[in-house]
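To start, the structure under review is shown below, and the notes come after it.
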Amino acid sequence: MYNAISVQDLTKHYDNVIALNHISFEVEKGQIFGFLGPNGAGKSTTVRILTGLIKPDGGKAFVMGFDILKNPIEAKQHIGVVPEVSNAYVDLTAWENIILIGKLYGMPPQKLKENATNLLKEFGLYEVKDRLVKGFSKGMKQRLLLCMALVNDPELLFLDEPTSGLDVESARLLREKITQYNKDGKTIFISTHNMDEANQLCHRIAIINHGKIAAVDTPENLRAQSMELQYIEVAFNKNINLQEFSKNPSITKAVSKGNKVYIYTADPPTVIEFLVEYAKENNLRIFSLNTMMPSLEDVFIKLISSKEAIIQ
Amino acid sequence: MNTFTEQFKRSLVIAEKNIKIYYSKGPVILFGLVFPLFLALAFYIGRNIPLKETLPGLIGMTTFFTATAVGPSIVPWETRSKTLEMLLSRPVAIGTIIVGDMLSSFIFGLIISVIPLALTLFWGIQPLNFIILLLGLIIATLCFAALSVLLSAYPPTDIPATSMMLSSLVKFPLVFLSGVFIPVAQLPYWGKAIASISPLTYFTDMVWKLFINNGFYPLALDFLALIAFTVVFTFATIKLHEKTLAKRLS
Ligand SMILES: Nc1ncnc2c1ncn2[C@@H]1O[C@H](COP(=O)(O)OP(=O)(O)OP(=O)(O)O)[C@@H](O)[C@H]1O
Ligand SMILES: [Mg+2]
């Protein structure tokens, strides 16, 4: 059994920019794999290599068991793609667009018509199927692109920032569909810079920055790995001097904002005991005390910048 | 499954799409047909040349201009309208897309070229051999179609007008150097030398011979030259686009 995607040591330069710097990862079949990174991280470059559009300078990649460098056409036969920068033909109707794509996969006409009809119905475009795409809204165009990517019933779907620029409702609908298609057995590779999206959708997430993979794991594990990013939010009845806190070895950093103190620690129970003790000694009352888990965003920022940046 | 024939079928799908999108537009017809007609009129009016002798030039130009009318702008246009990456993500080779673009230019050129051909028959002017003329027309149209797509390979612009303009810089001098207005046989020796490197020369030469029996090269050479140009253009077009296409992805 092979993985849906296997990437080994991919490298890509553009003139003097290193777009990808020796990246490696695996995507198992049946997963939704998130590729999370800021602008210019190398997400689209990765997608373009994995979908056979550009050649890497070094490394290997296998897509559905096919070497994408040696057998790009065979590999592409098994996948569906919605590129980041793409559009349907605005001078054709929705129906003509989807049929065109099906024919490019060499689909038999009967099966193609059947799939096209079902998809257009499912994505709420059947009523407008004979209208030129020119008049479609951005959300409709994106739904059509997804229909076009799904028409060949692909085992693996690549989506490069599929929800960027969509309104909340369209984005939600798209995410629902992605989850549903994944439940039907499709593997999905989705690139995004939206933390919530990755958190909600993905089984595994790779965090990429400056062409390097900073981490690959489940959203839960990524959070757990960054336990020092946990913090305790505490409010006393008086303003206090933070000097004493920084002496405590369990506390990474303490800052006060308004009437609250934020205490970063990898070991919340010890710090809570310390805080209670401290309040007693100094005749303070604790109004509120919360232990906050790091959000995926915290982890992300930690991984793509230095650790200090977030704690400050 | 993805044999040569399967990819060729997909080229036809792309050609069909091009004809639907790019060739159904008014300006294309204008450039392909009306324009060469006026160019011919401008040249012949007042010169007292028999109608029959305007035909080779007219057929040559119409074929040349129609077959090259849209070709240079298809790839830039697809880049601009963001359909190129969408298309390239499908199981088609770059060559498949390029051949599809060539085929659409070819089919369009062939259909429009029928018009001046029909006019000649309407005026009762008979070529010496109609079948040979038709074969020549087919191979010449294919050759010009390949040239037209080649003209968009470099620079990898996403502005159709730029590539149209650059292609005009190649197309217009070719018309004047290819025995369209004056048969090759009547050109001075340096004119003959320059004309020999233009594919259009061999087609007009063929047409002069078939209508007026005033050819310069042997008919077989005309054919061979056109076939050679077609092969070279097709190969160069695919290779060059393979080189520059990645630069079109922004
Ligand atoms: N065609 C190109 N020519 C030159 N440099 C490029 C090209 N494409 C990408 N790059 C550079 O490679 C790096 C990675 O780009 P890429 O498009 O993969 O980023 P991304 O993660 O998709 O970003 P975004 O979120 O903005 O889409 C960037 O520094 C970018 O400037
Ligand atoms: Mg991108």
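Just so we're on the same page: letters track the sequence lines, and every chain starts at 1. If you're wondering where the values come from, they're calculated on a predicted model, not measured in any experiment. Heavy atoms only: backbone and side chains are in, while hydrogens, waters and symmetry mates are out.
Both cation-pi conditions hold for A/Lys12 and A/Tyr14: the charged atom is under 6.0 angstrom from the six-membered ring centre and inside a 45 degree cone around its axis. Taking the centre and axis of the six-membered ring of B/Tyr22, the NZ or CZ atom of B/Lys17 falls outside the cone set by 45° and 6.0 Å.
Within the 4.5 angstrom heavy-atom criterion, only backbone atoms of B/Ser81 (N, CA, C, O) approach chain A. With a threshold of 4.5 angstrom between heavy atoms, B/Leu249 approaches chain A through its backbone and through its side chain. At a 4.5 Å heavy-atom cutoff, A/Ala75 makes no contact with chain B through either its backbone or its side chain. Proximity to chain B (any heavy atom under 4.5 Å) is restricted, for A/Leu92, to the side chain, taken from C-beta onward.
Under 3.5 Å, the side chains of A/Ser6 and A/Glu26 contain a donor-acceptor pair of N or O atoms.
Residues B/Phe203 and B/Phe64 keep their aromatic ring centres 6.0 Å or farther apart. Taking the six-membered ring for Trp and the full ring otherwise, the centers of B/Phe65 and B/Phe172 sit less than 6.0 Å from each other.
Applying a 4.5 Å heavy-atom cutoff, the residues of residues 52-61 of chain A that approach chain B are A/Leu53, A/Ile54. For residues 136-155 of chain A, heavy-atom neighbours of chain B at less than 4.5 Å comprise A/Leu145, A/Met148, A/Ala149, sorted by residue number.
Ranked by heavy-atom pairs under 4.5 Å with chain B, the first of A/Pro72, A/Pro83, A/Ser44, A/Gly80 is A/Pro83. When the candidates A/Ile79, A/Thr51, A/Val81 are compared by the number of heavy-atom contacts under 4.5 Å with chain B, A/Val81 comes out ahead. Note on B/Glu78, B/Lys9, B/Glu16: by heavy-atom pairs under 4.5 Å with chain A, the leading option is B/Glu78.
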Under 3.5 Å, which donor-acceptor pairs link side chains of residues 158-166 of chain B to any protein atom two or more places apart or in another chain?
| from | atom 1 | to | atom 2 | distance (Å) |
| --- | --- | --- | --- | --- |
| B/Ser163 | OG | B/Pro72 | O | 2.4 |

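When each of B/Arg10, B/Glu6, B/Gln7 is paired with B/Thr96, the side-chain hydrogen bond (donor to acceptor under 3.5 Å, both in side chains) condition holds for B/Gln7 and for no other.
A salt bridge is absent between A/Glu84 and A/Lys43; no separation between the charged side-chain nitrogens and carboxylate oxygens falls under 4.0 Å.
The aromatic rings of B/Phe233 and B/Phe229 lie tilted to each other, with the angle between the two planes from 30° to 60°.
Nearest heavy atom pair, residue A/Asn182 against residue A/Gly30, reads ND2-O, 2.9 Å. Between A/Ser86 and B/Met86 the shortest heavy-atom distance is CB-CB, 4.0 Å.
The backbone N or O of B/Val149 sits less than 3.5 Å from a side-chain atom of B/His241, completing a donor-acceptor pair.
The stretch residues 101-111 of chain B participates, sequence neighbours left out, in these side chain to side chain donor-acceptor pair (under 3.5 Å) pairs: B/Asn18-B/Asp101, B/Asn18-B/Ser104, B/Tyr23-B/Ser105.
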